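Treat the numbers as computed from the prediction; the structure is a model and nothing was measured.
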Amino acid sequence: MIYYICALQCEAVPFIRRLNLKKNPAYTRMDVFENENSTVMVAGNGMLNSAMSVTELLASGSVSAEDFIVNVGICGYMGNRNLPFGTALICNMIKSEYNGRKYYPDMIYKSPFEEYQVITYNNAVHDGKGKGECLADMEAAGVYEGAIRFVKTSQIAFIKIVSDYCDGNFPSKNQVESYIDENADAIIKWAESVYELINSTHKAGLTAEEEFLMNATADRLRYSVTRRNQLKNQLIYEKIIGKDIVKLMEDM
């Protein structure tokens, strides 16, 4: 199953239409649309709403090690680049403005989107000057905290689409839907390709010799448990796409 998590109804509509999803009336506290292969959830605005909605959705379903979760939504851009509205970016770091925690999704799957950092705020940012170059949203950290209880970091991705410059000029619902609609096909295509890789990865695994070399490499580099798991996921991915992972480890 691929889960598309959106904060707003207007962000979800392009995916609901393209994937031909039907509303599941069993969920009363948030809107969930699904078919056999895909689920779109409207989590609600804000970090707390996102965390609670994602937790409820995944706890009530049969989420597995083969599933993929994509948080898709608009964001503000803070910085000096002239990023056009509608630009889709993928997040390699998420910071919660509420508690200062930082989260790092695994970036082992190639994507057509440029990488950026995002800060999750409790309220919309009206004056982003002086805050550095990054993105601003209101749900990524909540989605991460809700999802990580059920899946690995390699099963979660965050794609943000620039809709404003954190200057108080925010888009209308129609503009939001238009920005998402421009990118929906590319996002779905990428998500489905990653989903196929995750399933191949889950089935492939490492041989006993490769596992031994991986552990030896991780010991030599003094990797933590988390980094060791990331290394394993990366090696399986590289193996699937045809790379020599033994040589890769020797070169590390």
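The shortest side-chain heavy-atom distance between Arg101 and Glu145 falls under the 4.5 Å cut-off. Under the 4.5 Å side-chain criterion, counting only non-hydrogen atoms from C-beta, Asn215 is in contact with Arg228. Using a 4.5 Å heavy-atom threshold, the side chains of Pro105 and Asn92 count as separate. Looking only at side-chain heavy atoms (C-beta outward), Gln234 and Ile245 stay at 4.5 Å or farther from each other.
In this structure, Tyr144 contributes its side chain and Thr153 its backbone to no donor-acceptor pair below 3.5 Å. Between the side chain of Ser178 and the main chain of Asn174, no donor-acceptor pair closer than 3.5 Å is present. Asn71 places a side-chain N or O within 3.5 Å of a backbone atom of Ile5 that can act as its donor or acceptor partner. Using a distance-only test at 3.5 Å, with no hydrogens or angles considered, no donor-acceptor pair links the side chain of Asp181 to the main chain of Glu177. Looking at Ser50, its side chain never comes within 3.5 Å of a backbone N or O of Gly142 through a donor-acceptor pair. A donor-acceptor contact shorter than 3.5 Å is absent between the side chain of Gln9 and the backbone of Val42.
Residue Asp31 holds its CG atom at 11.5 Å from SG of Cys6, rounded to the nearest 0.5 Å. For the atom pair CD1 (Ile2) and OH (Tyr4), the distance works out to 4.0 Å, reported to the nearest 0.5 Å.
The number of heavy-atom neighbours closer than 6.0 Å to OH of Tyr98, taken from other residues, nucleotides and ligands shown, is 12 or below.
In plain terms, the two heavy atoms of Glu66 and Gln155 that are nearest each other are N-NE2, 4.0 Å.
Neither side chain, Glu11 nor Tyr179, offers a donor N or O lying under 3.5 Å from an acceptor on the other. Counted by atom type alone, Ser60 and Tyr27 present one or more donor-acceptor pairs between their side chains at under 3.5 Å.
Here the rule is side-chain contact (heavy atoms from CB on, under 4.5 Å) with Pro14, and of Leu19, Val72, Ile187, Ile180 only Ile180 fits it.
Note on Glu210 versus Lys232: no salt bridge recorded, every NZ/NE/NH1/NH2 to OD/OE distance being 4.0 Å or above.
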